[in-house]
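As the structure is a prediction and not an experimental result, all values here were calculated from the model. Hydrogens, waters and symmetry mates are skipped; everything else that's a heavy atom, side chains included, is used.
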Amino acid sequence: GSIGSRLMTFLLVPIYSFFISPSEFGYYDICFAAILLMTPIISFQLREGAFRFLLDTKNDDERAQIVSFAILTMLRNVIAFISIGIVVYFVFNIWYLWYTLLFAIVFTSFELVQQLLRGLGHNKLFAGCGILSSFLIFAVSVPLVVWTDMGIEGVFVGNIAARIIAMLFAEWRVGVFSKFMRRNVGYKAVGREIMRFSIPMIFVNLIVLFIASGNR
């Protein structure tokens, strides 16, 4: 799944760079670098934390505690993130701000769902969702870029739509939300353990990402 995603990204670059001007494509690259930097903050690195603790679960009740905590915490973070985005929108004039924010939310959610699949033992589906997402990015974004002349808007739409469809496919196959998401389950104790594991990783990932793409 990871190799397929990276290979598709590599193959798409010549197509994008041929039909999109260097300045626009460069700006998209900056937006994507910003998305990668925002991901640990939005997710609280719950993708790693949830995966780590799901490996130790023995029954569906324990799995429901971890999945419910991860999803509800992620939902609260997304609401806070959107609120900050509204403030930024009225203060700064940033091109494609809402595309970038929506992409960041969908990207982070997809990463979380993939790790939940791994933690629940659905490794083939984890890989399949990565491959499906990569194929859909190509299938959706290339026609938008080549035939409708949407430019980087087509790239944003393709990436967002592909990941949403892949998450819906995972839900249809496994039912991560419908089966394990429970509002009244007691998850405070396990939630504290997950956060003790995850929060230090936020800073580690931010440092790594900043070193890799901070110069942009």
Side-chain angles (χ1 to χ4, degrees), residues 1-43 47 78 81-82 85 88-89 92-118 122-173 205-206 208-216:
S2 298
I3 292 174
S5 176
R6 285 165 173 76
L7 178 61
M8 187 61 70
T9 301
F10 177 76
L11 294 176
L12 282 171
V13 170
I15 298 174
Y16 290 159
S17 60
F18 183 82
F19 289 96
I20 301 175
S21 68
S23 60
E24 273 200 305
F25 193 65
Y27 187 77
Y28 170 79
D29 190 54
I30 294 173
C31 291
F32 189 69
I35 288 168
L36 293 178
L37 286 170
M38 288 186 283
T39 297
I41 301 172
I42 301 173
S43 68
R47 54 185 183 178
V78 166
F81 190 68
I82 292 173
V88 171
Y89 174 76
F92 301 101
N93 180 25
I94 300 177
W95 294 351
Y96 305 112
L97 173 64
W98 291 113
Y99 275 121
T100 303
L101 296 182
L102 181 58
F103 190 0
I105 292 169
V106 173
F107 182 87
T108 306
S109 301
F110 179 70
E111 293 283 310
L112 175 61
V113 169
Q114 278 201 303
Q115 295 307 316
L116 291 177
L117 290 174
R118 287 182 66 203
H122 300 283
N123 291 318
K124 291 182 180 179
L125 186 56
F126 157 77
C129 284
I131 295 170
L132 175 63
S133 173
S134 301
F135 171 76
L136 289 171
I137 291 171
F138 179 87
V140 177
S141 66
V142 170
L144 293 177
V145 171
V146 175
W147 295 323
T148 66
D149 198 28
M150 287 184 65
I152 64 171
E153 290 183 80
V155 181
F156 276 116
V157 171
N159 277 274
I160 293 167
R163 287 173 171 84
I164 290 175
I165 294 171
M167 285 191 287
L168 292 174
F169 175 74
E171 178 63 18
W172 173 67
R173 290 294 305 274
N205 279 272
L206 283 174
V208 172
L209 290 168
F210 188 78
I211 291 172
S213 57
N215 61 333
R216 298 178 189 178

(Q) Set out, in order, the CA-CA distance, both residues' side-chain angles and the distance that settles side-chain contact (heavy atoms from CB on, under 4.5 Å) for L112 and L116, then state yes or no. (A) CA-CA 6 Å; L112 175 61; L116 291 177; 4.2 Å; yes

Q. Should the pair F169 and W172 be assigned to parallel (<30°), tilted (30 to 60°) or perpendicular (>60°) ring geometry?
A. tilted

Q | Non-hydrogen atoms of I35 and A104 that approach each other most closely | A | CG2-CA, 3.8 Å

(Q) The test is side-chain contact (heavy atoms from CB on, under 4.5 Å); show your working for E111 and S43 and say whether it passes. (A) CA-CA 9 Å; E111 293 283 310; S43 68; over 6 Å; no

Q | Close side-chain approach of V157 to Y99, heavy-atom, < 4.5 Å | A | yes

Q: Looking only at non-hydrogen atoms, find the nearest pair between C129 and F110 and report the distance.
A: O-CZ, 3.8 Å

Q.
Distance check, rounded to the nearest 0.5 Å: I160 atom CD1 versus I165 atom CD1?
A. 12.0 Å

Q. What are the two closest heavy atoms between S133 and A162, and how far apart are they?
A. O-CB, 3.5 Å

Q: For residues L37 and F210, report the shortest heavy-atom separation together with the two atoms involved.
A: CD2-N, 3.8 Å

Q | Full working for side-chain contact (heavy atoms from CB on, under 4.5 Å) between F107 and L36 | A | CA-CA 9 Å; F107 182 87; L36 293 178; 3.9 Å; yes

**Q.** Nearest atoms (heavy-atom pairs only) where I15 meets F138
**A.** CD1-CE1, 3.9 Å

Q) Do I41 and L206 have side-chain heavy atoms sitting under 4.5 Å apart? A) yes

**Q.** Contacts of type salt bridge (charged side-chain N to carboxylate O under 4.0 Å, His left out), residue E153, not counting sequence neighbours
**A.** none

(Q) For a 4.5 angstrom cut-off between non-hydrogen side-chain atoms, does I82 reach L101? (A) no

**Q.** From T39 atom OG1 to L209 atom CG, the distance as rounded to the nearest 0.5 Å
**A.** 7.5 Å

Q | Parallel, tilted or perpendicular: ring planes of F32 versus F103, cut at 30 and 60 degrees | A | tilted

Q. Are more than 12 heavy atoms from other residues, nucleotides or ligands located less than 6.0 Å from atom OH of Y96?
A. yes

Q.
Would you say that M167 contacts V106 through its side chain, given a criterion of any heavy-atom pair below 4.5 Å between the two side chains?
A. yes

**Q.** Parallel, tilted or perpendicular, as decided by the 30° and 60° cut-offs, for the rings of F156 and Y28
**A.** perpendicular

Q: Might you point out which heavy atoms bring A170 and V113 nearest each other, and give the distance in Å?
A: CB-CG1, 4.3 Å

Q. Counting only heavy atoms not in W95, do more than 12 fall under 6.0 Å of its CH2?
A. no

**Q.** Distance, nearest 0.5 Å, that separates CG of N159 from CG of L102
**A.** 11.0 Å

Q. Are I20 and V155 side-chain neighbours, meaning at least one heavy-atom pair lies under 4.5 Å?
A. yes

Q.
Rounded to the nearest 0.5 Å, what separates atom CZ in F18 from atom CZ in F25?
A. 14.0 Å

Q) Are any of the side-chain heavy atoms of I137 and R163 separated by less than 4.5 Å? A) yes

Q.
Before you tell me yes or no, could you show the steps for N123 and R118 under side-chain contact (heavy atoms from CB on, under 4.5 Å), namely the whole-Å CA-CA distance, both residues' side-chain angles and the distance that decides it to 0.1 Å?
A. CA-CA 5 Å; N123 291 318; R118 287 182 66 203; 4.1 Å; yes

Q.
Rounded at 0.5 Å granularity, tell me how far CD1 in I94 sits from OH in Y27.
A. 6.5 Å

Q) Just how far is it from atom CD1 of I131 to atom NZ of K124, taken to the nearest 0.5 Å? A) 12.5 Å

